[in-house]
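What follows is a short report on a single structure.
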There are 2 protein chains.
Amino acid sequence: MQRNQIDQVRRFNRLLTRRVGALQDSYLKRGRPLSQARVIFEAGAAGGIDLRDLRGRLGLDSGHLSRLLRALEADGFVAVARKPDDGRARRVVLTARGREEFAAYDRLSDRLARSMLAPLGAAQRDRLVAAMGEIERLIRAAELTVAIEPADGEAARFCLRQYYAELEQRFETGFFAGPDDAAELAPPSGAFVVARIGGEPVGCGGLRRLAAATGEIKRVWTAPSMRGLGVASAILAKLEAIARDQGHARLRLDTNRTLTEAHALYAGRGYREIARYNDNPYAHHWFEKRL
Amino acid sequence: MQRNQIDQVRRFNRLLTRRVGALQDSYLKRGRPLSQARVIFEAGAAGGIDLRDLRGRLGLDSGHLSRLLRALEADGFVAVARKPDDGRARRVVLTARGREEFAAYDRLSDRLARSMLAPLGAAQRDRLVAAMGEIERLIRAAELTVAIEPADGEAARFCLRQYYAELEQRFETGFFAGPDDAAELAPPSGAFVVARIGGEPVGCGGLRRLAAATGEIKRVWTAPSMRGLGVASAILAKLEAIARDQGHARLRLDTNRTLTEAHALYAGRGYREIARYNDNPYAHHWFEKRL
DNA sequence: ACAATTATCTGACTAAAGTCAGATAATGCA
DNA sequence: TGCATTATCTGACTTTAGTCAGATAATTGT
């Protein structure tokens with residue numbers, strides 16, 4: 001890590017701290033303590049929230065939160081009710097008055113955002129927004145996790161639905177998914193992994209047994225909004241580690257010629273193109289990597 | 001301003017608020033109240049600061065600040081002394097112990113910056129840093145001011161020195177500045193303007209009388225780190241407004257063929273190429289705009 | 001069925017932040 | 001010179017924030 005990179009990040013943090021401080025100040029100027037405002041904000045943003053989650057999210061002591069809520073109830077901003085499925089737990093929702101207050105905070109955030117864009121010309125505005133999107137994606141990519149999950153689980157199905165839809169659109173021939181093979185993509189000689197960022201599934205990949213000591217990588221997919229951040233590379237790394245643990249000595253995979261970005265990825269991770277090893281009608285290239 | 005732009009800025013602000021909050025938390029975890037930490041930080045960053053400025057910067061009540069300082073003095077972190085030139089005012093400087101504490105806060109900022117870079121690969125790190133630099137420049141560009149200043153003032157000389165050095169480097173023939181003409185670049189039929197961002201000079205431009213009702217734009221320059229942010233455009237706009245006020249009906253200017261970015265700028269602001277109107281040996285193109 | 005666990009609330013605190021009306025002293029200016 | 005101004009300090013608050021040890025009630029596991 002270079003010193004000038006660290007300095008740039010620090011300058012950036014310092015600059016943004018001021019901007020963010022300005023927002024907190026304007027929250028306070030609405031005449032409500034900051035922690036009360038934060039409760040209204042969280043409850044409003046999610047359309048109601050369990051106290052347990054709220055406490056975790058704001059890092060508040062349970063006694064403190066309890067008192068905050070009583071104050072907000074007394075002022076008519078929130079209503080707290082038992083949860084029907086668990087009588088110990090409770091849930092806050094905003095009243096009509098609370099929603100008004102939430103809207104006011106919402107307008108303040110909006111105003112801050114506008115004030116950052118307002119002094120810029122159209123071209124510079126586009127550049128600012130693009131750079132913010134880039135930073136957001138990169139920072140969120142830092143929370144990337146890749147873990148084994150069932151290939152017929154909810155997250156897996158969510159990813160695969162989008163994967164198939166994308167293949168259907170990109171392949172010159174269209175695409176029809178073959179028979180369900182979730183059972184193959186599971187231990188002891190296979191696996192399915194889901195990549196998540198902040199809890200949201202953003203990618204997946206499968207591994208199955210192809211032949212003795214040979215695994216096959218399948219269904220590697222990254223959400224379009226998260227491409228270029230190393231998600232697919234992390235998925236491959238995970239699958240390769242799993243394959244090694246399961247005793248595979250080499251990995252193979254096939255790919256369609258329209259998926260050009262995948263070629264670069266496989267080449268970069270040490271896969272070498274080999275001769276056709278299957279009769280997949282959608283495949284144009286075949287790769288292999290020794291583990 | 002588009003809704004999706006505003007939303008991107010808001011998401012970005014929300015994300016950064018958390019990061020910044022993490023820094024504030026770690027300040028607090030050093031066992032010192034946040035406002036004391038902020039005083040140490042401000043005093044340390046500037047190598048001493050007047051109470052008046054400190055109060056303005058942190059937005060503190062004078063009584064509150066007074067007590068904070070007494071607490072910090074009692075703990076041996078700061079020394080407060082009368083200012084020699086104004087016995088009412090006072091100034092805080094850090095003691096050796098205070099500087100140690102400051103260094104600790106400094107290390108925390110550093111650690112936060114490192115923690116943002118650490119989980120990324122080299123390519124993504126570069127992209128994050130580049131995007132942060134872009135945002136920093138764009139946000140700072142929002143504070144751009146362009147004002148008339150003397151052509152022989154400190155800021156003007158600072159800009160012109162760099163302007164001449166750059167011409168010397170970029171012109172195929174090298175460049176030697178002609179005789180001093182600061183007197184021409186002044187009212188009533190001329191002007192010199194300096195563009196500043198956050199007090200720092202980042203560009204300049206001159207206007208002089210060329211003939212009856214005709215002004216000439218000269219020495220338009222933008223600091224390399226601030227190019228592409230509309231600084232030169234703002235300088236031209238200012239000079240054009242001044243020329244109009246001074247009764248000029250048209251503006252002319254010449255430029256060297258190596259300054260390609262200047263051509264686009266002039267064309268974009270309505271200057272049209274005309275025939276040679278002077279014998280400037282460094283000029284290859286001549287432009288005019290009717291006001 | 002009942003002990004352990006979980007979720008929240010209450011009481012009794014301390015610490016920090018912020019406010020406001022004077023008091024004190026140096027300075028600027030008529 | 002003396003009066004208004006400026007910069008800071010002091011005292012006497014109130015409000016927020018945050019902590020911790022129980023109390024209460026619902027739920028879970030055995």
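First the proteins, then the strands, lettered A, B, ... as listed; each starts at 1.
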Q. Where the side chain of Arg88(A) is concerned, which of dA26(C), dT6(C), dA17(D) is the nearest nucleotide?
A. dT6(C)

Length of the [atom1]-[atom2] vector between [X] and [N], whole Å:
X: Asp86(B); N: dG28(C); atom1: CG; atom2: P; value: 6 Å
X: Leu60(A); N: dC9(C); atom1: CG; atom2: P; value: 13 Å
X: Arg52(B); N: dT5(D); atom1: CZ; atom2: C1'; value: 13 Å
X: Leu51(A); N: dA26(D); atom1: CG; atom2: P; value: 16 Å
X: Leu72(B); N: dC9(D); atom1: CG; atom2: C1'; value: 16 Å
X: Arg32(B); N: dA15(C); atom1: CZ; atom2: C1'; value: 14 Å
X: Leu54(B); N: dC9(D); atom1: CG; atom2: C1'; value: 15 Å
X: Asp61(B); N: dG11(D); atom1: CG; atom2: C1'; value: 13 Å

Q. How are the rings of Tyr27(B) and Phe41(B) set to each other: parallel, tilted or perpendicular (split at 30° and 60°)?
A. tilted

Q) With the threshold set at 4.0 Å, does a side-chain nitrogen-carboxylate oxygen contact exist between Glu42(B) and Arg55(B)? A)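 So Glu42(B) does not pair with Arg55(B) through a salt bridge.
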
Q: Look at Asp75(A) together with Arg32(A) and state whether they make a salt bridge at an N to O cut-off of under 4.0 Å.
A: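 The answer is yes: the pair qualifies as a salt bridge.
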
Q: Map His64(B) and Ala89(B) onto DNA chain D by nearest heavy atom, then report which one ends up closer to the 5' terminus.
A: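 Whichever sits nearer the 5' end wins; that is Ala89(B).
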
Q. If you pin Arg91(B) and Leu34(A) to their nearest nucleotides in DNA chain D, which one's is more 5'?
A. Arg91(B)

Q) So among Arg90(A), Arg82(A), Arg88(A), which one has a side chain to side chain donor-acceptor pair (under 3.5 Å) with Asp86(A)? A)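 When Arg90(A), Arg82(A), Arg88(A) are each tested with Asp86(A), the side chain to side chain donor-acceptor pair (under 3.5 Å) holds only for Arg88(A).
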
Using a heavy-atom cut-off of 4.0 Å across all strands, would you classify [X] as base, sugar-phosphate, or nothing?
X: Arg67(A); answer: base
X: Ser35(B); answer: sugar-phosphate
X: Arg38(B); answer: nothing
X: Leu65(A); answer: nothing

Q. dC9(D) phosphate, OP1 or OP2: any side-chain N/O from Arg90(B) under 4.0 angstrom?
A.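 So the side chain of Arg90(B) is within the cut-off, an N or O lying under 4.0 Å from OP1 or OP2 of dC9(D).
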
Q.
Is Arg82(A) close enough to dA7(C) that one of its side-chain N or O atoms is under 4.0 Å from OP1 or OP2 there?
A.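 No, because none of the side-chain N or O atoms of Arg82(A) sits under 4.0 Å from OP1 or OP2 of dA7(C).
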
Q: Could you tell me which residues satisfy side-chain contact (heavy atoms from CB on, under 4.5 Å) with Asp25(A), sequence neighbours excluded, listed by chain and number?
A: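 Expected list: Lys29(A).
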
